[in-house]
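Lettering of chains follows the sequences in order, A, B, ..., and the numbering in each one begins at 1. What's counted below: heavy atoms across the whole structure, side chains too, no hydrogens, waters or symmetry copies. Worth saying up front: this structure is predicted, and the values here are computed from it rather than measured.
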Number of protein chains: 2
Amino acid sequence: MPDQPLRLTRQRQAVADALATIDDFRSAQEIHAVLASQGHGVGLATVYRTLQLLAEHDQVDVLRTDDGEASYRRCSGTHHHHLVCRSCGATVEIEGPAVEQWAQAVAEEHGYADVSHTLEIFGDCPRCR
Amino acid sequence: MPDQPLRLTRQRQAVADALATIDDFRSAQEIHAVLASQGHGVGLATVYRTLQLLAEHDQVDVLRTDDGEASYRRCSGTHHHHLVCRSCGATVEIEGPAVEQWAQAVAEEHGYADVSHTLEIFGDCPRCR
DNA sequence: CTTTGTGCAAAGCCTTTGCAATTTT
DNA sequence: AAAATTGCAAAGGCTTTGCACAAAG
């Protein structure tokens with residue numbers, strides 16, 4: 001059974017464009033807010049539906065945050081992690097090649113394939129102390 | 001600030017006992033149902049509160065399912081990470097002393113104090129391929 | 001013109017919270 | 001008796017859904 005045709009709409013384009021300019025995980029609501037602030041009015045429900053669609057077509061990665069929110073990120077963006085301040089939210093982008101390799105190795109050791117991972121570091125930043 | 005004393009109540013005992021007999025991740029609602037079916041009446045809110053408490057004390061592992069539910073499982077009580085199968089959810093506990101130290105170092109380098117972190121590795125496990 | 005997509009508001013779910021009553025210590 | 005804990009129901013927050021209208025092909 002072939003896929004039903006997907007129509008290219010202004011809204012879907014807008015969501016795709018927004019994702020293209022971000023290489024981070026963002027919640028549906030954040031993406032909705034970004035679109036709104038850019039003057040492109042896209043309904044929240046449509047954002048959810050579009051992201052779901054993109055996920056089914058492997059155009060975006062989805063993961064769940066610790067508090068149950070879904071986060072989306074376009075595939076193939078550069079990979080990095082975050083150092084986040086607990087109180088003010090200030091974020092520093094971190095790279096850790098060693099960790100990447102370690103994660104890959106550990107996963108393969110256990111027979112897991114197509115490995116990916118998430119990593120975030122939290123702390124109290126200089127300005128908040 | 002010392003921990004406040006934790007009281008041992010029938011309800012907490014019941015939740016702990018239930019977890020002891022289960023070797024899998026279960027949602028709070030499932031655990032609540034198990035207790036109910038055993039005649040131990042424990043309020044749903046109490047189950048949630050108890051699981052949260054156990055999680056804070058590293059007595060249970062918490063993870064989010066793809067549909068946003070929290071799942072709990074008793075664990076070894078030491079700090080560790082998870083290697084999770086994308087399709088069946090099979091989980092392996094992972095330790096990575098090197099990563100812990102690296103995270104700590106990176107954070108301090110940026111002036112962040114009281115460091116903690118989260119790390120999860122995802123892949124397709126042997127049985128799902 | 002037919003079919004698919006959008007918006008809005010309502011409904012669903014899981015989880016958290018307020019508060020009075022209850023249980024532990 | 002004092003302090004922590006429970007239960008219930010209400011409130012929250014994220015996500016999905018029903019349905020009439022708009023847009024795409």
Using side chain to side chain donor-acceptor pair (under 3.5 Å), reason through Thr46(B) and Gln11(B) one step at a time and then give a plain yes or no.
CA-CA 8 Å; Thr46(B) 299; Gln11(B) 290 87 337; 5.9 Å; no
Pairwise 5' ranking along DNA chain C for Gln11(B) and Val42(A), keeping only the more 5' one:
Val42(A)
Looking only at side-chain N and O atoms, does Thr9(A) come under 4.0 Å of OP1 or OP2 in dT6(C)?
yes
Of the nucleotides dA23(D), dT25(C), dG7(D), which has the atom closest to the Arg7(A) side chain?
dA23(D)
Closest nucleotide among dT15(C), dT15(D), dC8(D) to the Tyr48(B) side chain:
dT15(C)
For the side chain of Ala45(B), counting heavy atoms from C-beta on, which of dT15(D), dT15(C), dT17(C) is nearest?
dT17(C)
Is Arg10(B) touching bases, backbone alone, or none of the nucleic acid, heavy atoms closer than 4.0 Å?
sugar-phosphate
Let me see the working for Ile121(B) and His81(B) under side-chain contact (heavy atoms from CB on, under 4.5 Å), right down to the final yes or no.
CA-CA 8 Å; Ile121(B) 307 177; His81(B) 303 293; over 6 Å; no
Distance check needed: dC14(C) C1' versus Asp67(B) CG, whole Å only.
10 Å
To the side chain of Gln29(B), which of dT15(C), dG5(C), dC8(C) is closest?
dT15(C)
If you find the nucleotide of DNA chain C closest to Gly41(A) and the one closest to Ala28(B), which residue's nucleotide is nearer the 5' end?
Gly41(A)
Taking only the side-chain heavy atoms of Arg49(B) (C-beta and beyond), determine which of dC19(C), dG5(C), dT15(C) contains the nearest atom.
dC19(C)
Check every atom of dT6(D), dT6(C), dT15(C) against the side chain of Arg12(A) and return the nucleotide holding the closest atom.
dT6(C)
State plainly whether one hydrophobic cluster holds both Val34(B) and Leu19(B), where clusters connect Ile, Leu, Val, Met, Phe, Trp and Tyr through side-chain heavy atoms under 4.5 angstrom apart.
no
For Leu54(B) and dT5(D), give me the distance from atom CG to atom P, rounded to whole Å.
12 Å
Distance-only donor-acceptor check, side chains His117(A) and Glu100(A), under 3.5 Å
yes
